[in-house]
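Working notes, structure below.
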Amino acid sequence: MMLLEGLNQKQQQAVSASLGRTLVLAGAGSGKTRVLVSRIAWLIHHHQLSPYGILAVTFTNKAAGEMKERLNALLKISVLGMWVGTFHGICHKLLRRHYKQAKLPEQFQILDSDDQARMIKRVLAALNLNTEQWPIKQVQHFINNKKDSGLRAHKVPTSAYGPTQTLIQIYQAYELSCQQAGVIDFAEILLKTYELLRDDPELQAHYQTRFQAILVDEFQDTNAIQYALIRLLTNSHTALMVVGDDDQSIYGWRGAKVENIQQFATDFAPVAIMHLEQNYRSTANILDAANALIGHNEDRVGEKKLWTAGDTGEKVTIYAAANELDEARFVAQRIKMQTLPLNEMAILYRSNAQSRVIEEALLRLHIPYRIHGGVRFFERAEIKDALAYLRLILRVSDNDAFERVVNVPPRGIGEKTQDEIRARAKAHACSLWQAAETLLDEQVLSRRAASALKQFLDLINDLQKRTLHNDLADQMHEIIQQSGLQQHFTKAKHDTALSKLDNLQELVNAAKQFQAEPRDEDLPLLTAFLAHASLEAGESQALVDEAHVHLMTLHAAKGLEFGVVFLVGMEEEVFPSKLSLEEPKRLAEERRLCYVGITRAMTKLFLSYAEVRRLYGKEHYHRPSRFLKELPDELTHHLKLAPKPFKFKSSAAPALQPDIGVAIGQKVRHVTFGLGIVLATEGYGAHARVQVSFEQAGAKWLVLAYANLTYIND
DNA sequence: AATCGGGGGCTTTTT
DNA sequence: GCCCCCGATT
């Protein structure tokens, strides 16, 4: 098998590295995934490792899926026995297998961040703390942050300040609630696995022996607990390869530690360090711009310099827009001018709020687009409601699920009754379900409340029996019907209710699809499906194959590539973000984010900034981003702001222009300037002028009467 | 139980 | 400027 074929020398070196420890510093677009996949194939074919002995960890489910796919194609043997997944996916698998040692109920469920917030809210209420003084988000951040650094509540150092004391109490109370409900949050998945392996030498030895080779992708994004996990799973015989790029570390704000890369070289010495710097994605101009930019950061580990054997390419275009509307219009018009399929173009921004103006401009020119990010399918409220019924059926003591659906849809179990159930559960140290049963037995509730509650308990019991032998999709269907969710949304007063109905139907389809797919899990179907829903929430249903441009944040763009990239909002306080300006460390991360953005582009890169930007209802005069100045002049091409930019009447309606026989967005040809597109018009009659953005010559104002333009209609 | 409106807030986000 | 959350109102 010619595994090294078609790889450059550095890539070959990495793929065929010895079985010791290897650190691969892989620049953007350097063929990192290919190296990882080939490496795994190499281990199997040249070192006779069994797929069972290989553990490959990625950062996202998408990356894991891609790796599995490519392995399947390359290896032509089943990859099912191999552990390929995210840290969370792999730890979850371990916890399921060893739930007893981990002191978890067999049917433990996973809390996503939304569930976690709800749980914290309940805990705060139980502790009589108001959410004004203790904002849920901050509490959540505190807890996750501590867990990510491996700290249990009692281990958190108390500072001299009172707030920490209270936060620790909340942390403790929250943890207790989770245990009682039999649920664990994302951070807990990692922390619990860490403790499990740490405190059980036998188990630890077992997995150290089993995993002869461990490969970790996106190593710069690992946090403290993930790093510690790698250490626990590794012994002196483990063939350990980590791949990362410190220049693309953009998740420091959520606990990722770039330092892990340096740390690795010392902790795991001796480490063979390799650099992948040949880029197969971008033109030389784009790479030079990226190199120059990132050169302004200090403390880089590899000091990599990307290079390409390919073309110099075009210069990077920098457009100075009058305002954010002008910027959006510029982007939309430039997209129209490209010959590339829409799919291969992306508009990247620092924050989601920036997408709006862009969307409006794209709509105006009838350019289909798709925004990446936003609420994902399994995170939708109605989906989670339906799944909560499933959870209750599986385990009635799931307090979190109980709270979620006891009165959804409304069935007359109001706040008062719920409070009584909670109080009883607390007094008897039992589950809400048991408490509800006792309250009914003792006949202490009002007749109305009692009958409503009884109906609910009966419903769940009934669903349990009724669905015992059904397949998953049937079961889902039954739940949606019997729970009243279907009926609840069928009233369809608003169209939002209708789409919720659609989503519930989609959930049945998702279940159908899930049970049809081959799985290597040793879990019951139902359990696996619930885990899939919280661990792999997935993008909202992918409408495949319709040609559209991509809109997303810079963060979301990591790992992707596009022929043409627009990077908008290149202004101080926007990008770099105002909130990162003070601290050098955070500023350096913003610069890396910019580096990520630039290196997404294959052939064309447009950077733009607005002289005036409306933000939070106020006009801001920001200076152009410092990142623009850090790009060498010889690589950039400035498009000058029009001398007198037209004004939009409103952002919603197309600008009203006096009719001079040419529309904005019209494609035109000029005898000397070539192809262009009309950006704006001014005046009328004999004095009418048009601003045309030419593909080659840039934007020019021309007197319509003399310009002799040819109108091009496709 | 649903709806309306006042008030605060406001990067980035995967699992 | 817009959205989300909460509380009060019907």
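Protein chains get the first letters and strands the later ones, always in sequence-line order, with residue 1 at the start of each.
Sequence neighbours left out, the pairs with a member in residues 408-419 of chain A that pass side-chain hydrogen bond (donor to acceptor under 3.5 Å, both in side chains) are A:Tyr389-A:Arg411, A:Glu415-A:Arg422, A:Asp419-A:Arg422.
Taking the syn range as angles within 90° of 0, the glycosidic angle of B:dT12 is outside it, so the base is anti.
Among B:dT13, B:dA2, B:dT15, the nucleotide with an atom closest to any side-chain atom of A:Tyr251 is B:dT13.
Atom-to-atom, CD1 of A:Ile184 to P of B:dT15 comes out at 16 Å; the value is rounded to the nearest Å. Remark: C1' of B:dT13 and NZ of A:Lys137 are 12 Å apart, rounded to the nearest angstrom. Taking atom CZ of A:Phe378 as the reference point, atom P of B:dT13 lies 21 Å away to the nearest angstrom. If you measure from atom CG of A:Asp114 to atom C1' of B:dT14, you get 15 Å, rounded to the nearest angstrom. Residue A:Leu593 contributes atom CG, which lies 12 Å from atom C1' of B:dT13 at whole-angstrom precision. Counting to the nearest Å, the C1' atom of B:dT15 and the NE2 atom of A:His532 are 14 Å from each other. Between the CD atom of A:Gln354 and the P atom of C:dC2 there is a distance of 16 Å, rounded to whole Å. We find that CD of A:Glu324 is positioned 12 Å from P of C:dC2, with the value rounded to whole Å.
Every residue two or more places apart in sequence or in another chain that forms a side chain to side chain contact (heavy atoms under 4.5 Å, CB included) with A:Ser577 is listed here: A:Arg350, A:Leu579, A:Ser580, A:Glu590. Applying the side-chain hydrogen bond (donor to acceptor under 3.5 Å, both in side chains) test to A:Lys454 and every residue at least two apart in sequence or in another chain returns A:Asp458. By the ring-ring contact (aromatic ring centres under 6.0 Å, His included) test, A:His555 is found to be paired with A:Tyr251, A:Trp253, residues two or more places apart in sequence or in another chain being considered. Partners of A:Arg626 under the side-chain hydrogen bond (donor to acceptor under 3.5 Å, both in side chains) rule, at least two apart in sequence or in another chain, are A:Glu572. Residues passing the ring-ring contact (aromatic ring centres under 6.0 Å, His included) test with A:Phe186, sequence neighbours excluded: A:His88. With sequence neighbours left out, A:Glu561 forms a side chain to side chain contact (heavy atoms under 4.5 Å, CB included) with A:Arg281, A:Met602. Residues passing the side-chain hydrogen bond (donor to acceptor under 3.5 Å, both in side chains) test with A:Gln482: none are found, sequence neighbours excluded. Under the side-chain hydrogen bond (donor to acceptor under 3.5 Å, both in side chains) criterion, A:Asn145 pairs with no residue, sequence neighbours left out.
For the segment residues 400-422 of chain A, residues with any heavy atom less than 4.0 angstrom from an atom of DNA chain B are, sorted by number, A:Asn407, A:Pro410.
Taking side-chain N and O atoms only, A:Thr553 has a distance below 4.0 Å to OP1 or OP2 of B:dT13.
Atom P of B:dT12 sits at a distance of 15 Å from the matching atom of C:dC5, rounded to the whole Å.
Residue contacts shown for A:Phe87 are absent, as no nucleic acid heavy atom lies under 4.0 Å away. At the heavy-atom level, A:Asp112 lies nowhere under 4.0 Å from the strands shown.
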Which pairs, protein N/O on one side and nucleotides 3-7 of chain C N/O on the other, fall under 3.5 Å?
{"unit_1": "C:dC3", "atom_1": "OP1", "unit_2": "A:Arg356", "atom_2": "NH1", "d": "3.1"}
{"unit_1": "C:dC3", "atom_1": "OP1", "unit_2": "A:Arg356", "atom_2": "NH2", "d": "3.3"}

Show each protein N/O and nucleotides 9-11 of chain B N/O combination with a separation under 3.5 Å, one pair to a line.
{"unit_1": "B:dT11", "atom_1": "OP2", "unit_2": "A:Tyr616", "atom_2": "OH", "d": "3.0"}
{"unit_1": "B:dT11", "atom_1": "O4", "unit_2": "A:Arg586", "atom_2": "NH2", "d": "2.1"}

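A heavy-atom distance below 4.5 Å is not found between the side chains of A:Asn407 and A:Phe456. Here the side chains of A:Arg152 and A:Glu175 are in contact, with some heavy-atom distance below 4.5 Å.
Under a cut-off of 6.0 angstrom, the local environment of NZ in A:Lys32 is crowded, with over 12 non-hydrogen atoms contributed by other residues, nucleotides or ligands.
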